[in-house]
Amino acid sequence: MTLPQTSPQAQPQYWLMKSEPDEASIDHLEAAGTLPWTGVRNYQARNFMRDAMRLGDGVLFYHSSCPQPGIAGFAEVSRLAYTDATQFDPASPYFDVKSIKQSPRWVHVDVRFVRKTRLLSLAEMKADPALAGMRTLQPGNRLSITPVTPEEWARVQQLLA
């Protein structure tokens with residue numbers, strides 16, 4: 001899979017972003033309108049936010065580490081990558097002792113609520129041949145942020161229509 005283009009003239013990009021619903025659910029996002037996507041501590045996921053995400057990119061909001069994982073709604077990137085302050089807070093579960101303010105290791109984007117959907121379960125996603133190549137469904141994938149192809153995005157929209 002190739003990474004999405006980063007030029008301003010490129011086609012829209014799409015992402016699947018995982019969140020534990022007890023920490024930040026689609027309901028939290030709907031109530032807040034916009035949330036910072038804090039706490040990402042994987043370099044590849046960080047690099048997606050820092051280097052590839054653009055304003056308006058589509059987001060599949062995915063509930064993970066819960067009894068019924070799956071896509072719970074749609075969001076969009078509403079603010080480009082900026083320093084994740086939780087890395088400097090010793091009281092935060094995302095504190096990083098090796099990160100310094102002059103050269104922060106971690107960034108995050110903000111996401112804006114678009115719409116809540118029925119839950120498209122992980123099992124339903126795995127059973128759909130059109131989603132077989134979806135990066136988040138590949139064995140061993142544990143990334144909290146993964147690119148989604150335009151075809152996968154369209155299929156998920158179709159399933160949740």
Side-chain angles (χ1 to χ4, degrees), residues 1-8 10-114 119-122 125-126 131 133-149 152-153 156:
M1 169 187 289
T2 59
L3 286 180
Q5 299 293 316
T6 57
S7 72
Q11 294 298 314
Q13 301 178 126
Y14 307 105
W15 307 92
L16 183 140
M17 298 175 75
K18 295 179 181 177
S19 179
E20 296 178 13
D22 58 342
E23 188 171 325
S25 70
I26 192 69
D27 293 327
H28 293 124
L29 180 59
E30 182 177 26
T34 300
L35 289 174
W37 207 266
T38 59
V40 173
R41 296 298 181 264
N42 173 282
Y43 288 108
Q44 190 172 9
R46 181 217 46 199
N47 293 349
F48 287 146
M49 290 190 292
R50 186 190 67 195
D51 303 333
M53 286 187 177
R54 297 186 318 240
L55 292 177
D57 280 357
V59 173
L60 299 175
F61 196 106
Y62 185 96
H63 287 172
S64 69
S65 300
C66 58
Q68 184 74 311
I71 297 168
F74 294 94
E76 68 181 10
V77 175
S78 62
R79 182 175 175 189
L80 296 178
Y82 62 103
T83 300
D84 183 344
T86 63
Q87 67 194 304
F88 307 120
D89 180 1
S92 170
Y94 304 113
F95 176 66
D96 182 347
V97 69
K98 294 181 181 178
S99 192
I100 57 173
K101 289 188 179 185
Q102 297 80 1
S103 182
R105 293 171 127 191
W106 307 109
V107 298
H108 62 89
V109 297
D110 287 353
V111 296
R112 179 177 23 246
F113 178 80
V114 173
L119 186 77
L120 179 61
S121 73
L122 177 60
M125 292 168 64
K126 285 182 175 182
L131 299 178
M134 198 170 204
R135 189 159 177 184
T136 203
L137 300 179
Q138 300 311 303
N141 180 69
R142 301 210 20 95
L143 285 176
S144 60
I145 298 172
T146 54
V148 173
T149 68
E152 293 162 349
W153 176 267
V156 168

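Residue indices begin at 1 and follow the sequence shown. Please read all numbers here as calculations on a predicted model, not as lab measurements.
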Over all atoms of both residues, closest heavy-atom pair of Leu131 and Met125 | CB-O, 3.8 Å
Which pair of non-hydrogen atoms, one from Leu29 and one from Ala75, has the smallest distance, and what is that distance?
-> CD2-CB, 3.8 Å
Look up atom CE in Met17 and atom OG in Ser144, then write down how far apart they are to the nearest 0.5 Å.
-> 7.5 Å
State the CG-OG distance between Leu55 and Ser78, to the nearest 0.5 angstrom.
-> 7.5 Å
Worked verdict on His63 versus Glu20 for side chain to side chain contact (heavy atoms under 4.5 Å, CB included) = CA-CA 6 Å; His63 287 172; Glu20 296 178 13; over 6 Å; no
List the steps, then state whether side chain to side chain contact (heavy atoms under 4.5 Å, CB included) holds for Glu152 with Leu16.
-> CA-CA 10 Å; Glu152 293 162 349; Leu16 183 140; over 6 Å; no
Shortest non-hydrogen separation from Gly39 to Thr86 and the atoms involved | N-OG1, 4.1 Å
Does the gap between the ring centers of Trp153 and Phe74 come in under 6.0 Å?
-> yes
Any side-chain heavy atom of Gln138 within less than 4.5 Å of one from Thr146?
-> no
Output for pair (Leu60 CG, Trp15 CH2), nearest 0.5 Å, gives 12.0 Å
Compare every heavy atom of Thr136 with every heavy atom of Lys18, then report the nearest pair and how far apart it is.
-> CE-OG1, 3.1 Å
Going through the distances and angles, do Ser19 and Tyr62 end up as a side chain to side chain contact (heavy atoms under 4.5 Å, CB included)?
-> CA-CA 6 Å; Ser19 179; Tyr62 185 96; over 6 Å; no
Nearest heavy-atom pair of Arg79 and Val109: which atoms, and what distance?
-> O-CB, 3.3 Å
Would you say the side chains of Asp110 and Tyr82 form a donor-acceptor pair under 3.5 Å?
-> yes
Applying side chain to side chain contact (heavy atoms under 4.5 Å, CB included), run through Arg41 and Trp106 and close with a yes or a no.
-> CA-CA 7 Å; Arg41 296 298 181 264; Trp106 307 109; 3.4 Å; yes
Does Arg105 have any side chain to side chain contact (heavy atoms under 4.5 Å, CB included) partners at least two apart in sequence or in another chain, and if so, which?
-> Tyr43, Gln87, Asp96, Lys98, Ser99
Show the atom names and distances, to 0.1 Å, of all donor-acceptor pairs under 3.5 Å that link a side chain in residues 31-38 to residues at least two apart or in another chain.
none

Pairwise side-chain contact, Leu143 with Arg135, heavy-atom cut-off 4.5 Å (strictly under) | yes
Validation row: Asp84, Val107 side chains within 4.5 angstrom (heavy atoms) = no
Inter-residue atom distance Arg50.CZ - Thr83.OG1, 0.5 Å rounding | 11.5 Å
Does Arg46 count as lying over the ring of Phe48, i.e. NZ or CZ under 6.0 Å from the six-ring centre, within 45 degrees of the axis?
-> no
Report the distance from atom OG of Ser64 to atom CD1 of Ile71, rounding to the nearest 0.5 Å.
-> 12.0 Å
Non-hydrogen side-chain atoms of Val40 and His108 separated by less than 4.5 Å | no
Kindly compute the distance separating CZ (Phe95) from CG (Asp89), expressed to the nearest 0.5 Å.
-> 8.0 Å
In short, Val77 meets Arg54 closest at the heavy-atom pair CB-O, 3.4 Å
Residue pairs passing the salt bridge (charged side-chain N to carboxylate O under 4.0 Å, His left out) test with at least one member in residues 62-76, sequence neighbours excluded, are Glu76-Arg112
